[in-house]
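Nothing fancy with the numbering, it's 1 onward along the sequence.
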Amino acid sequence: MENPLLLFPQLNISASKDKSYYKIVKPAIKEEPRKPGKSGAKQKRNRLSLLLQKSEFHEGDHPGKPGNSTKAASVSPEEAVKWGESFDKLLSEKAGLDAFTKFLKTEFSEENIEFWIACEDYKKSKTAHELLPKAKTIYETFIKKDAPKEVNLDFQTKEVTSQNIEQPVITTFDAAQNTVYRLMEQDSYPRFLRSDLYLNLVKGRNPTRPTLRRRSRSFTVNDFQGVRPDFTVW
């Protein structure tokens, strides 16, 4: 076996730690300390800006933060009370439409209001050239069999609407829209007026905060004697 000192002449294990030894093993090129320049300061500012943006994003998404309840707080109790006058009144105001849409999502029936909104937008088309692509999109999304957001229509209304898709006009979806409108007015709208979401708005409460309920009576130690705790309820 060859002598390791011959293979690695710079490794002198027995050498003393004198100045000549350190001159051999010390790197010949010294790394100069970096001076803060314009590019480094710019990177620091970019990192700080990114951190601030992330902080603001998370605060806005938190349901308990004021930024997320500003929209709900802008609805006055008086305005919310007017929504109970009629279904038309509710849908005619953007805040009312948003609140009703949020309620329908809790019942997994938001496709009804989305179809109604799509029909309203469809009727605002200014040229016949705009009608065909919009009509096909509405039909494929809400009306055709097994559509991703298929609405509940009777057979006759669905057939008439399907036949009119080839040459759509402004009134192509009127029958289907009226059917869905009546369904929401007679079924979903009364439940909305009884929902906690609406009642909290009428009472001026923040709908994002759950209502705390007090116990019906105070419990004593005697009430729990001989009773084993059931942690499954938690």
Side-chain angles (χ1 to χ4, degrees), residues 61 63-125 134-135 137-162 164 170-216:
D61 279 356
K65 295 293 181 179
N68 198 38
S69 60
T70 303
K71 186 176 181 180
S74 64
V75 179
S76 65
E78 293 77 13
E79 183 180 0
V81 169
K82 293 181 180 179
W83 300 345
E85 296 176 359
S86 67
F87 191 46
D88 284 335
K89 182 66 176 178
L90 174 67
L91 299 186
S92 64
E93 300 184 10
K94 185 180 184 305
L97 181 60
D98 292 341
F100 186 64
T101 301
K102 183 177 180 180
F103 168 74
L104 291 183
K105 288 182 179 180
T106 64
E107 295 195 336
F108 304 99
S109 59
E110 65 271 19
E111 69 276 359
N112 291 326
I113 193 63
E114 291 177 2
F115 172 68
W116 184 86
I117 294 173
C119 292
E120 289 294 296
D121 177 73
Y122 173 81
K123 290 187 292 186
K124 295 177 183 178
S125 301
K134 286 186 177 181
T137 300
I138 293 175
Y139 176 77
E140 294 177 357
T141 304
F142 299 101
I143 297 180
K144 78 173 185 178
K145 186 179 180 181
D146 298 328
K149 297 182 179 181
E150 185 178 4
V151 293
N152 187 12
L153 297 174
D154 58 272
F155 177 79
Q156 183 178 0
T157 302
K158 179 174 290 190
E159 284 295 313
V160 171
T161 305
S162 301
N164 294 335
I170 290 294
T171 59
T172 294
F173 297 102
D174 282 1
Q177 186 183 15
N178 291 335
T179 299
V180 173
Y181 179 91
R182 289 194 301 270
L183 177 64
M184 293 190 295
E185 183 182 28
Q186 298 173 6
D187 185 46
S188 303
Y189 176 58
R191 288 200 304 275
F192 168 75
L193 297 180
R194 298 191 299 266
S195 67
D196 291 338
L197 188 152
Y198 175 70
L199 294 178
N200 285 334
L201 291 175
V202 171
K203 295 176 183 178
R205 295 176 181 173
N206 187 346
T208 60
R209 297 178 182 177
T211 304
L212 300 178
R213 296 182 180 180
R214 294 184 177 181
R215 297 182 183 272
S216 57

Open item on the list: Assess, by modelled atom type and distance only, whether the side chains of Thr171 and Asp174 contain a donor and an acceptor separated by less than 3.5 Å.
Closed with: no

Open item on the list: Within this structure, what is the CH2-CG distance for the pair Trp116 and Leu104, rounded to the nearest 0.5 Å?
Closed with: 12.0 Å

Open item on the list: Please evaluate residues Phe192 and Leu197 with respect to the criterion side chain to side chain contact (heavy atoms under 4.5 Å, CB included), reporting the C-alpha separation (whole Å), side-chain torsions for both, the decisive distance (0.1 Å), and the verdict.
Closed with: CA-CA 8 Å; Phe192 168 75; Leu197 188 152; 3.9 Å; yes

Open item on the list: Given 3.5 Å as the limit, does a donor-acceptor pair link the side chain of Tyr198 with the main chain of Ala80, or not?
Closed with: yes

- [ ] Measure from the side-chain N and O atoms of Tyr139 to the backbone N and O of Thr161, and report whether any donor-acceptor pair falls under 3.5 Å.
- [x] no

Open item on the list: Is there a side-chain contact between Arg191 and Ser195 in this structure, where contact means two heavy atoms from C-beta onward sitting under 4.5 Å apart?
Closed with: no

Open item on the list: Is the shortest side-chain heavy-atom distance between Lys134 and Asp121 below 4.5 Å?
Closed with: yes

TODO: Calculate, to the nearest 0.5 Å, the distance between atoms CZ and CZ belonging to Arg182 and Phe87 respectively.
DONE: 12.5 Å

TODO: Answer yes or no: is there a donor N or O on one side and an acceptor on the other, between the side chain of Asp187 and the main chain of Leu183, under 3.5 Å?
DONE: no

Task: Point-to-point distance, once rounded to the nearest 0.5 Å, from CG of Leu193 to OG of Ser188 - done: 11.0 Å

Open item on the list: Between the side chains of Asp98 and Lys102, is the shortest nitrogen-to-carboxylate-oxygen separation below 4.0 Å, so that they form an ion pair?
Closed with: no

TODO: Carefully, step by step, assess Thr101 and Leu97 under the rule side chain to side chain contact (heavy atoms under 4.5 Å, CB included).
DONE: CA-CA 6 Å; Thr101 301; Leu97 181 60; 4.3 Å; yes

Task: Candidates Tyr122, Phe142, Tyr181 - the one meeting ring pair (Phe, Tyr, Trp, His ring centres under 6.0 Å) with Phe115 - done: Phe142

- [ ] With rounding to the nearest 0.5 Å, note down the distance linking CH2 in Trp83 to CG in Asp88.
- [x] 15.0 Å

Task: CG/Asn178: more than 12 non-hydrogen atoms of other groups inside 6.0 Å - done: yes

- [ ] Please say which of Lys145, Lys144, Lys158 ends up in a side-chain hydrogen bond (donor to acceptor under 3.5 Å, both in side chains) with Glu150.
- [x] Lys158

TODO: Could you check if a side-chain atom of Gln177 sits within less than 4.5 angstrom of a side-chain atom of Glu120, using non-hydrogen atoms only?
DONE: yes

Open item on the list: What I want to find out is whether Glu93 reaches Lys89 closely enough, with some N-O distance under 4.0 Å, to be called a salt bridge.
Closed with: yes

Task: Spatial distance of atom CD (Glu79) from atom CG (Leu201) [nearest 0.5 Å] - done: 9.5 Å

TODO: Flag yes if more than 12 heavy atoms outside Gln156 fall under 6.0 Å of its CD atom; otherwise flag no.
DONE: no

